[in-house]
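One structure below.
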There are 2 protein chains.
Amino acid sequence: MQELSGKQGQILEFLRTFIEDKDYPPSIRDIQDGCGISSTSVVDYNLRKLEEKNYIRRDREVSRGIEILGSRGRRPRIVEVPVLGSIAAGQPIPVPTSERWGNDAEDSVAVTEDMIRGRQNVFALRVKGTSMIDDLIDDGDIVFLEPARSANDGDKVAVWLKDRGEVTLKRIYHEGARVRLQPANSTMQPIYTTADNVEVQGRFISSFRPAD
Amino acid sequence: MQELSGKQGQILEFLRTFIEDKDYPPSIRDIQDGCGISSTSVVDYNLRKLEEKNYIRRDREVSRGIEILGSRGRRPRIVEVPVLGSIAAGQPIPVPTSERWGNDAEDSVAVTEDMIRGRQNVFALRVKGTSMIDDLIDDGDIVFLEPARSANDGDKVAVWLKDRGEVTLKRIYHEGARVRLQPANSTMQPIYTTADNVEVQGRFISSFRPAD
DNA sequence: AAGCCTTCCGAACGGATGTTCGCGCAAACT
DNA sequence: AGTTTGCGCGAACATCCGTTCGGAAGGCTT
């Protein structure tokens, strides 16, 4: 990526702020005014240079057909993840059905797509209390889950423990008739229980710990 | 938000895909062709309706002056956070200076602005090993920090412990001549040391635990 | 000096584009 | 039946806007 001249940098910066502000690219004459350039042809000339140097892409003959390339312009896809509620010991998670999905979201969080690995129907829960501290999940954390009713060995899943009346997040291992729930924290002991006592609520994808 | 007619929904959907694809809004005649509409005035009519119903915003007299409103269109600001490296016991963090900033980033992560609370100069580190497990931070986690050389009581900071040759993330409390470093996990014991043994590297903002 | 490249300027051309106006049609209402 | 309202159609208009062209000034090499 070659270096660019003062005017070209100025134009590129103007492009960014204009798009950020208006949500559509400027016309050549917008750039002319915004950068104090005397002629449209100068703008055109420098835009060609920027295109050569691969900072932008232009759709010729199309008004405002300018697209900023590179990390600053190439926006990652954003997905809006509904925060369906809070997860706390003693309350089962309301597993979302596709119909209900989006209706009973009390809130939502915008995240970049790679944070949920491009998975579908992801929902989020706010963690209340420190009951999952042995899974390295603190009060106030946000966990992202994808709907699931079953799980493979080693999957990190949110499970409803019927006898305890409690939801927790553990790695699950089926061992014959019983089920082992292994905390993320290796210093903690696993929970052993029977298969009919656990009910998988969702598969863990990722989690986020916000600022205080 | 009122309901919209079939044609209006079609136009709105076309707007989304067009912008997603090209990164600039379509002209009225683009919409006309894309939706199989016979006249530009029909497009104009329905765009006015969409504007009345608050689905879009138009800049009149401006070509392609269309902006999609609502959660799907209103994109949260994205910031690119440089991942400066890995943090592991036994290695101090390379605190970024504004000059170096952006140069020695081995990688970067795109996050929505609210994840770092709009703070400036934020950088990220990949956590290697389980040495910070008592702070509820696991191997593979990504922590977001802002540069800082000092901290107030109760701040969660990354500190370099000279005698241990180790970096860790704790809440810091100054208690006279000594310093108390309190783990996030309340079941763990705090570390007591002297003020000249600790060196603040950065202030904790948030952390993220990716999928496996 | 001569030639070439880069950058900039002003003007003009022609297509692209938003807007407007008159008209038609059907359903709903008076 | 007459009127209103919502919606669509086609054409025309004025402007917006990307492009092009001739020219000029400065730097660089030969």
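Proteins come first, then strands; the chains are lettered A, B, ... in the order of their sequence lines, and each starts at number 1. Remember, it's a predicted structure, so these values are computed and weren't measured experimentally.
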- Give a yes/no on whether any side-chain N or O of Lys7(A) is located under 4.0 angstrom from OP1 or OP2 of dC8(C). yes
* Taking NZ, NE, NH1 and NH2 as the nitrogens, is one of them in Asp135(A) or Lys170(A) under 4.0 Å from a carboxylate oxygen of the other? -> yes
Below 3.5 Å, does any donor atom in the side chain of Thr40(B) face an acceptor in the base of dT17(C), or the other way round? no
Taking 4.0 angstrom as the limit, do Arg209(A) and Asp141(B) come out as a salt bridge? no
Rounded to whole Å, CG of Asp59(B) lies from C1' of dG18(C) at a distance of 12 Å
With a cut-off of less than 4.0 Å, is there a side-chain N or O of Asn46(A) near OP1 or OP2 of dT6(C)?
no
Tyr45(A) OH to dC5(C) P, in whole Å, measures 12 Å
Less than 4.0 angstrom between a side-chain N/O of Arg58(A) and OP1 or OP2 of dT19(D), yes or no? yes
Classify the side chain of Ser38(B) versus the base of dG8(D) as yes if they form a donor-acceptor pair under 3.5 Å and no if they do not. no
Can you see if the side chain of Arg48(A) gets near the phosphate of dT20(D) - specifically, an N or O under 4.0 Å from OP1 or OP2?
yes
Atom CD of Glu61(B) and atom C1' of dA14(D) are separated, to the nearest Å, by 10 Å
Atom CD1 of Ile31(A) and atom P of dC8(C) are separated, to the nearest Å, by 14 Å
**Prompt:** Quick one: is dG10(C) close enough that its OP1 or OP2 comes under 4.0 Å of any side-chain N or O from Ser39(A)?
**Reply:** no
Assert: residue with more 5' nearest nucleotide on DNA chain C, out of Val62(B) and Arg29(A), is Arg29(A)
note: Lys49(B), atom NZ; dG6(D), atom P; distance rounded to Å ~ 6 Å
**Donor-acceptor pair (no angle test) under 3.5 Å: Arg60(A) side chain, dG18(D) base** = no
Please tell me if the side chains of Ile56(B) and Leu69(B) come closer than 4.5 Å, counting only heavy atoms from C-beta onward. no
Separation of dT7(C) atom C1' from Lys53(A) atom NZ, nearest Å, is 11 Å
No-H, no-angle donor-acceptor pair, Ser41(B) side chain to dG8(D) base, under 3.5 Å: no
From CD1 of Ile28(B) across to C1' of dC9(D) the rounded distance in Å is 15 Å
Q.
So, OP1 or OP2 of dT17(C): does either fall under 4.0 Å of a side-chain N or O from Ser63(A)?
A. yes
Next on the checklist: Less than 4.0 angstrom from a charged side-chain N to a carboxylate O is my criterion; do Arg48(A) and Asp44(A) meet it?
Outcome noted: yes
- request: Evaluate the ring planes of Tyr24(A) and Phe18(A), with Trp represented by its six-membered ring, and classify them as parallel (under 30°), tilted (30 to 60°) or perpendicular (over 60°).
  value: perpendicular
Rounded to whole Å, the CD-C1' distance (Gln32(A) to dT7(C)) equals 16 Å
Ranking dC9(D), dG18(C), dC9(C) by distance to the side chain of Ile37(A), first place goes to dC9(C)
